[in-house]
Amino acid sequence: MATAVRELIDTSRDALRAQFRRDVLTGLSQQRKAIPARWFYDHRGSQLFEEITRLPEYYPTRVETGILMAHATRIGRMVGSKHHVVVEFGAGSATKTPLLLGAIWPAAYVPIDISGEFLSESCEALAARYPDLPIYPVEADFSQPATLPAEVGQHPRLGFFPGSTIGNMEPMAAADLLRSMRRTLGAGSLLLIGFDRIKSETELVCAYDDAQGVTAAFNLNLADRINRELGGTIPRDGIAHRAVWNDERARIEMHIAATRDIDFEVCGRAFAMAAGETIHTENSHKYDPRSADTLLLAGGWEPLQGFGDADDKFMVILARA
Ligand code: AVJ
């Protein structure tokens with residue numbers, strides 16, 4: 001990897017650690033304890049998430065992959081023959097990326113992810129598959145506007161935000177994020193974005209509380225991470241995974257619940273949870289075509305075309321800034 005890119009990664013790492021500490025201490029001091037979902041994704045968390053995507057109960061990855069395969073040609077035609085720089089937000093293992101790269105003629109690929117280590121692994125796999133494609137990985141929190149590496153030049157930009165990651169944000173924050181992406185990519189850019197759809201409560205809850213307990217391990221890894229990185233003493237035998245459907249807000253919520261009264265420390269500060277009290281760790285908002293279009297418009301993106309599956313489980317929307 002180029003030296004400039006390496007340095008960028010190293011400086012942002014300290015900033016990320018400080019931000020993690022701040023978010024955890026603030027989140028645990030609130031009346032209703034809550035920690036932002038982006039802190040799930042250390043190396044272990046990213047691995048566990050990859051395992052989730054292969055679970056029988058977790059349909060979004062499979063269904064979205066099917067949609068991208070089924071509509072690749074149409075997506076390619078709508079993007080057109082100009083060489084775009086593909087900017088992927090929260091790239092993770094970038095398993096869906098080849099489906100998009102194969103459908104268009106990319107000029108370069110810029111994956112942005114919070115886990116630099118994981119990013120390097122997935123970039124190596126992509127580089128082996130596309131030896132001629134320039135790849136410029138950026139380790140950053142994609143919720144902040146980013147400066148694209150100078151090397152990408154003036155090619156038109158195509159943002160790629162699959163997986164329904166937008167669902168992690170509350171509507172107002174989601175609109176802010178879309179506006180920030182518009183700023184990063186520029187007016188006239190395209191965005192291909194995935195939304196998970198509202199469906200039966202049983203199916204939704206099962207997708208976030210699987211029989212093998214992988215989602216539980218993913219959620220509870222956040223407590224392990226706090227214990228590991230922030231000198232925490234959260235007792236592993238006093239907490240449990242919870243997934244609940246909040247119908248009013250059309251979202252799945254994940255919580256870490258205290259199964260008994262517990263006391264613990266983080267960074268030398270004392271915290272207590274009563275039995276049944278929870279730390280809210282994630283929201284996963286679900287949409288229908290109208291609410292997804294409305295959100296995109298609020299974020300400065302004009303929906304051009306939606307792509308779906310036969311069972312209305314998931315949708316991918318192409319929009320223009
Ligand atoms: C990566 C945010 C889309 O909300 O479905 C999976 C994360 N959490 N299982 C989702 C997740 C629990 C996932 N996103």
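Counting starts at 1 for both ligands and their atoms, following the listed order. For the single chain, residues carry numbers from 1 onward in sequence order.
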State, yes or no, whether a side-chain contact exists between F160 and Y109 at a heavy-atom distance under 4.5 Å. no
Identify all pairs of nitrogen or oxygen atoms, one from ligand 1 and one from the protein, separated by less than 3.5 Å, and list them with distances.
unit_1   : atom_1 : unit_2 : atom_2 : d
ligand 1 : 4 (O)  : Y208   : OH     : 3.4
ligand 1 : 4 (O)  : S284   : OG     : 2.7
ligand 1 : 5 (O)  : Y58    : OH     : 2.5
ligand 1 : 5 (O)  : Y208   : OH     : 2.5
ligand 1 : 8 (N)  : E282   : OE1    : 2.7
ligand 1 : 8 (N)  : E282   : OE2    : 3.4

Which residues share a side chain to side chain contact (heavy atoms under 4.5 Å, CB included) with R32, sequence neighbours left out: none
Presence of salt bridge, R179 and D176, under 4.0 angstrom: yes
List for me each residue that meets side-chain hydrogen bond (donor to acceptor under 3.5 Å, both in side chains) alongside E50, sequence neighbours excluded, and say none if there are none. S93
With sequence neighbours excluded, what pairs up with Q30 under the side-chain hydrogen bond (donor to acceptor under 3.5 Å, both in side chains) test? none
For the residue pair N221 / D42, report whether a side-chain donor-acceptor contact shorter than 3.5 Å exists. yes
